[in-house]
Amino acid sequence: TGGNYWSKYDPPSEGCRDSDNNRTCDAAYVFNSVVDSLPWVTENAWSAPPPDGIAPTIAAVTPTGFINSAAAVISAGYSDAGGSGIDQSSVTVTLDGAVMAGCTVTGASVSCPVSGLNNGAHTTGITVSDGAGNSVSFQGGFSVDVTLPVVSNMLPGGIIVSDAVTVSADYSDSGSGIDPATVRVLLDGMELNGCAVTASGVTCPAVVAATGTHTLTVDATDKAGNRAQVYGSFIKMQSDLAGPLITNIQPAGLLRATSTVISADYSDVPSGVDPASVTVIFNGQRLPGCSATASRGDCPVPGLPEAAA
């Protein structure tokens with residue numbers, strides 16, 4: 001600033017030299033043999049913008065929320081509306097309080113790759129300054145979850161005889177939690193409708209008319225994107241209206257010993273025998289210590305007195 005107010009488009013009368021006599025200013029005015037070196041020689045130089053007092057802005061910071069990988073790229077965009085521009089040497093990115101190295105910095109963004117992240121929460125920080133020294137900082141964070149959901153207690157299993165069944169399963173996730181919107185249940189490859197879905201389990205009504213083996217699939221994804229698919233099966237048989245058949249009960253007749261093993265064979269069509277239901281009664285008392293399979297039961301009996309059982 002300062003000096004006579006003139007530009008190269010002004011007439012010499014405003015205080016300048018007109019070297020080529022074209023009636024417009026060409027050079028600074030000489031006053032009493034002293035050059036006035038302060039006049040504006042650029043058109044409208046007096047209207048130069050004011051100093052930059054506006055701090056940059058930071059946006060588009062990633063990652064946020066949950067991620068399902070131990071590797072990530074910490075990145076952000078930024079801009080400066082004040083006019084002085086981003087000072088790229090000022091850009092700093094921190095992860096869990098430590099300054100990150102190996103970052104790629106431009107006038108509009110920064111990106112920093114990282115690997116070996118532990119499961120759990122992490123904090124990020126970004127600081128940017130402009131050419132006028134105005135600074136801005138951002139604090140954020142994200143969480144790593146690389147653990148698959150756990151699906152359990154899938155039903156039905158074993159043998160069923162009813163056409164109407166309820167397909168159900170429980171699930172859990174130690175990290176981000178199950179996203180109920182992702183839960184799907186398939187029976188013989190077809191997705192079941194009308195399911196009741198919560199954050200911890202699902203139940204679906206179904207009709208199974210055909211006999212034979214049927215497959216179940218429960219598909220669940222957590223909020224970080226980790227997906228678990230668990231498979232099961234059951235057998236549909238015709239209605240079982242008859243009880244099991246018990247044969248070959250031993251011992252029989254005269255026993256020449258004071259101890260023995262009471263045993264029996266059994267079978268059942270179509271549903272089979274439940275080994276947990278096998279009970280042996282001797283002299284009106286339930287025998288302890290018995291072992292049972294799907295086709296045979298054995299119970300040791302020591303200390304028998306001489307008498308007819």
Side-chain angles (χ1 to χ4, degrees), residues 48-152 169-184 197-202 218-230:
D52 179 1
I54 302 174
T57 57
I58 298 174
V61 178
T62 60
T64 59
F66 286 94
I67 64 171
N68 61 358
S69 173
V73 176
I74 314 301
S75 65
Y78 37 71
S79 60
D80 183 62
S84 60
I86 298 295
D87 177 4
Q88 296 183 31
S89 66
S90 74
V91 178
T92 302
V93 179
T94 62
L95 175 64
D96 297 331
V99 176
M100 299 189 69
C103 300
T104 300
V105 180
T106 71
S109 65
V110 60
S111 60
C112 307
V114 61
S115 60
L117 292 168
N118 295 326
N119 256 12
H122 299 272
T123 60
T124 54
I126 299 170
T127 300
V128 178
S129 299
D130 62 17
N134 303 299
S135 180
V136 64
S137 295
F138 171 89
Q139 298 294 326
F142 62 95
S143 294
V144 175
D145 176 10
V146 297
T147 305
L148 296 180
V150 175
V151 179
S152 59
D170 298 327
Y171 39 70
S172 61
D173 184 77
S174 61
S176 55
I178 297 292
D179 179 1
T182 68
V183 176
R184 299 169 63 237
V197 181
T198 70
S200 59
V202 58
V218 176
D219 190 331
T221 303
D222 65 20
K223 295 173 184 176
N226 300 298
R227 180 182 181 186
Q229 287 183 302
V230 178

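- For S89, the side chain to side chain donor-acceptor pair (under 3.5 Å) test picks out D87, with sequence neighbours left out.
- Between S137 and T127, the shortest heavy-atom contact is OG-OG1, 3.1 Å.
- Residues S129 and P56 approach most closely at C-CG, 4.0 Å, considering heavy atoms.
- G131 approaches S84 most closely through the heavy-atom pair N-OG, 3.3 Å.
- Under the side chain to side chain contact (heavy atoms under 4.5 Å, CB included) test applied with V183, the options T198, D219, I178, T221 reduce to a single match, I178.
- The minimum heavy-atom distance between T94 and M100, with the atom names listed, is C-CG, 4.2 Å.
- Annotation: the span from R227 atom CZ to D179 atom CG amounts to 12.5 Å, rounded to 0.5 Å.
- Atom CG in D130 sits 10.5 Å away from atom OG1 in T57 (nearest 0.5 Å).
- Under the 4.5 Å side-chain criterion, counting only non-hydrogen atoms from C-beta, Y78 is not in contact with V136.
- A distance of 16.0 Å separates CG of L148 from OH of Y171, quoted to the nearest 0.5 Å.
- Between D145 and N68, the closest side-chain pair of non-hydrogen atoms is not below 4.5 Å.
- To the nearest 0.5 angstrom, S109 atom OG is 9.0 Å from Q88 atom CD.
- Residues N226 and D173 are not in side-chain contact: their nearest non-hydrogen atoms beyond the backbone lie 4.5 Å or more apart.
- Considering every non-hydrogen atom in both T124 and I74, the closest pair reads CG2-CG2, 4.1 Å.
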Expected list for residues 112-120: side-chain donor-acceptor pairs under 3.5 angstrom, two or more places apart:
| from | atom 1 | to | atom 2 | distance (Å) |
| --- | --- | --- | --- | --- |
| N119 | OD1 | V146 | N | 3.1 |
| N119 | ND2 | T147 | OG1 | 3.2 |

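- Taking CD1 of I67 as the start and OG of S176 as the end, the distance is 11.5 Å to the nearest 0.5 Å.
- Of all the heavy atoms in S135 and A55, the pair that sits closest is O-CB, 3.8 Å.
- Looking only at side-chain heavy atoms (C-beta outward), D52 and D80 come within less than 4.5 Å of each other.
- Expressed to the nearest 0.5 Å, how far OG of S172 lies from CG of D222 amounts to 10.5 Å.
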